[in-house]
Amino acid sequence: MLRSTKTLGALIGTAFAVTASLAQAQETKVGIGISGWTGFAPITLAKEAEIYKKNGLDVTIRKIPQKDRHLALASGDIQCAATTVETWIVWNTNGIATTQLFKMDQGMGSDGIVARNSITKVADLKGKTVAASAPGTNPHFTLAWILKKNGLKLSDVNLITLEPAPAANAFVAGTGNLDAAVTYEPYLSLVRDKPESGRLIADSLQYPMVFDSFGCTPKFIKENPKAVKALVESYFQALDMIAKEKTKAFTIMGADVKQTAEQFEKSQSMIKWADREANKKFFNGEIQAFNKEAAALLLEIGVIKTMPTNMDSLFDTSFLN
């Protein structure tokens, strides 16, 4: 009887092992490219809290500068990415086929232009040295957008190419002879915490044009519809976790960008993550209006050479249902 019990136990153990092995084998591998931007943190949370895993996904997150993310998609190193909405226009127009699946967040003062305290308004940037990322990135686009709203062009400033983190660090340190810089959270807080170095003269609350979305290559979407649906649902489940287990969620997300839970909570207060209702609203008129104005500006500053023919093809909302 004892031997039978042991045999039965062994068989049950083997069955569990086989089941676990099969479940693991069925997990779809997905490479996701992001940056350290606060708004992308639910992706990190979904990974670290094993939300992706529970939904049958084996996710690898890669931190890739925005200026290089499309190259990783084109090479197949990653299959999906998070980036700003106008960037999908740039990628697709320049030959990198990608499709947005859902809106992630909107900047509410989390992105902006910081300037020396002697500079009081955007118009004062004329002739000044400003740091921003390379053409085709959101900080570059943000600068062009805000300058245009104030009657200036990119050619009116001396533009230095620096990524958001180095730009903020150089500005605070007083190196590089910078008069101003374009950056975002959590790096924007470096300047907020040192008001003697400068101040914010324009942000995404004053100029609502920083929208982030998540998308994948058309090939991945076509070949893995269940995995795509799981990616979408994992995002909303991450938002649920933030709402229900705030401290735990902020601790996980903050650790990824070297912030405490308290510091991260402060950073994220200047963004608004998009729930399902916000997504429906965004893709039903808001993105169309923004894309039209954004594409015209991208053409004007030479980031794209032609206007896209059908910008509604840049997103697929069927997985939101």
Side-chain angles (χ1 to χ4, degrees), residues 35-39 65-68 83-87 90 105-212 257 259 263 266-267 269-271 293-294 296-298 300-303:
S35 63
W37 157 237
T38 300
Q66 190 181 25
K67 66 183 179 66
D68 301 323
T83 193
T84 48
V85 169
E86 83 285 346
T87 306
V90 178
D105 64 81
Q106 178 172 340
M108 304 292 286
S110 52
D111 329 68
I113 301 174
V114 293
R116 299 302 174 199
N117 288 314
S118 59
I119 298 172
T120 61
K121 57 186 182 298
V122 174
D124 294 340
L125 291 176
K126 188 171 183 177
K128 298 296 194 295
T129 299
V130 184
S133 300
T137 65
N138 181 257
H140 183 271
F141 176 77
T142 294
L143 180 61
W145 181 283
I146 294 174
L147 287 175
K148 184 170 184 177
K149 297 292 182 182
N150 288 273
L152 298 177
K153 298 180 179 179
L154 288 174
S155 57
D156 289 321
V157 302
N158 176 26
L159 191 58
I160 302 295
T161 302
L162 280 176
E163 289 298 295
N169 283 319
F171 183 82
V172 169
T175 59
N177 296 317
L178 298 180
D179 297 304
V182 184
T183 188
Y184 49 62
E185 291 294 346
Y187 318 117
L188 192 54
S189 286
L190 295 175
V191 183
R192 295 184 197 273
D193 293 341
K194 291 200 173 182
E196 68 275 13
S197 66
R199 60 178 179 169
L200 193 66
I201 61 167
D203 64 25
S204 53
L205 186 60
Q206 298 167 277
Y207 300 89
M209 43 69 65
V210 179
F211 312 107
D212 290 298
V257 289
Q259 287 186 321
Q263 289 172 326
K266 185 178 178 181
S267 289
S269 69
M270 288 168 279
I271 65 167
E293 187 173 359
L297 179 57
L298 289 166
E300 180 184 317
I301 63 179
V303 173

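Being a predicted model, the structure only gives us computed values, none of them experimental. These numbers come from the heavy atoms of this one structure, side chains and all, not from hydrogens, waters or symmetry mates.
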Looking at every non-hydrogen atom in both residues, tell me the closest pair between V191 and R199 and how far apart they are. CG1-N, 4.4 Å
If we only count heavy atoms from C-beta on, is the Q263 to P186 side-chain gap below 4.5 Å? no
Starting from the C-alpha separation in whole Å, work towards a yes-or-no answer on side-chain contact (heavy atoms from CB on, under 4.5 Å) for N150 and K121. CA-CA 9 Å; N150 288 273; K121 57 186 182 298; over 6 Å; no
When you measure from the centre of the six-membered ring of W145, is the NZ or CZ of K149 closer than 6.0 Å and no more than 45° off the axis? yes
Is there a donor-acceptor contact under 3.5 Å from the side chain of D179 to the main chain of T129? yes
When you measure from the side chain of R116 to the backbone N and O of A180, does any donor-acceptor pair fall under 3.5 Å? no
If every non-hydrogen atom of L162 is compared with every non-hydrogen atom of A131, which pair is closest and at what distance? CD1-CB, 4.0 Å
Testing the basics here: between S189 and S267, what is the closest heavy-atom pair and its distance to 0.1 Å? OG-OG, 3.9 Å
Once rounded to the nearest 0.5 Å, what's the spacing between atom CG of L200 and atom CD1 of I113? 8.5 Å
Return the OG1 to CG distance between T183 and L188, rounded to the nearest 0.5 Å. 6.0 Å
Counting distance only, does the side-chain N/O of D212 pair as donor-acceptor with the main-chain N or O of G107 below 3.5 Å? no
d(K128 NZ, N177 CG) to nearest 0.5 Å is 13.5 Å
F171 side, atom CZ; L190 side, atom CG - distance, nearest 0.5 Å: 11.5 Å
Side-chain donor or acceptor of S110 paired with backbone N/O of M270 under 3.5 Å: yes
Run the numbers on L159 and L143 for side-chain contact (heavy atoms from CB on, under 4.5 Å), then give the verdict. CA-CA 10 Å; L159 191 58; L143 180 61; 3.5 Å; yes
Rounded to the nearest 0.5 angstrom, the CD-OG distance for E163 and S35 is 9.0 Å
Taking the side chain as every heavy atom from C-beta outward, state whether F141 and V90 have any pair of such atoms under 4.5 Å apart. no
Is atom CG of D193 surrounded by more than 12 heavy atoms (other residues, nucleotides or ligands) closer than 6.0 Å? yes
Output the distance between atom CG (N138) and atom CD (E86), rounded to the nearest 0.5 Å. 4.5 Å
On a heavy-atom basis, which atom in A202 and which in V122 lie closest, and how many Å separate them? CB-CG2, 3.9 Å
Take Y184 and V210, measure what side-chain contact (heavy atoms from CB on, under 4.5 Å) needs, and give me the verdict at the end. CA-CA 10 Å; Y184 49 62; V210 179; over 6 Å; no
Tell me, with the steps shown, if K153 and D156 meet salt bridge (charged side-chain N to carboxylate O under 4.0 Å, His left out). CA-CA 5 Å; K153 298 180 179 179; D156 289 321; over 6 Å; no
Yes or no on side-chain contact (heavy atoms from CB on, under 4.5 Å) for K148 and I301, after CA distance, side-chain angles and deciding distance? CA-CA 11 Å; K148 184 170 184 177; I301 63 179; over 6 Å; no
Side chains of W37 and D111, heavy atoms from C-beta outward: is any pair under 4.5 Å? yes
In sequence, state the C-alpha distance, the side-chain angles, and the governing distance for Q66 and T87, and then conclude on side-chain hydrogen bond (donor to acceptor under 3.5 Å, both in side chains). CA-CA 9 Å; Q66 190 181 25; T87 306; 2.8 Å; yes
Under the 3.5 angstrom rule, does the side chain of D203 hit a backbone N or O of L205 as a donor-acceptor pair? yes
If you take all heavy atoms of E196 and N117, which pair is closest and at what distance? O-ND2, 3.4 Å
So, for G136 and H140, which heavy atoms are closest and what is the spacing to 0.1 Å? N-ND1, 4.3 Å
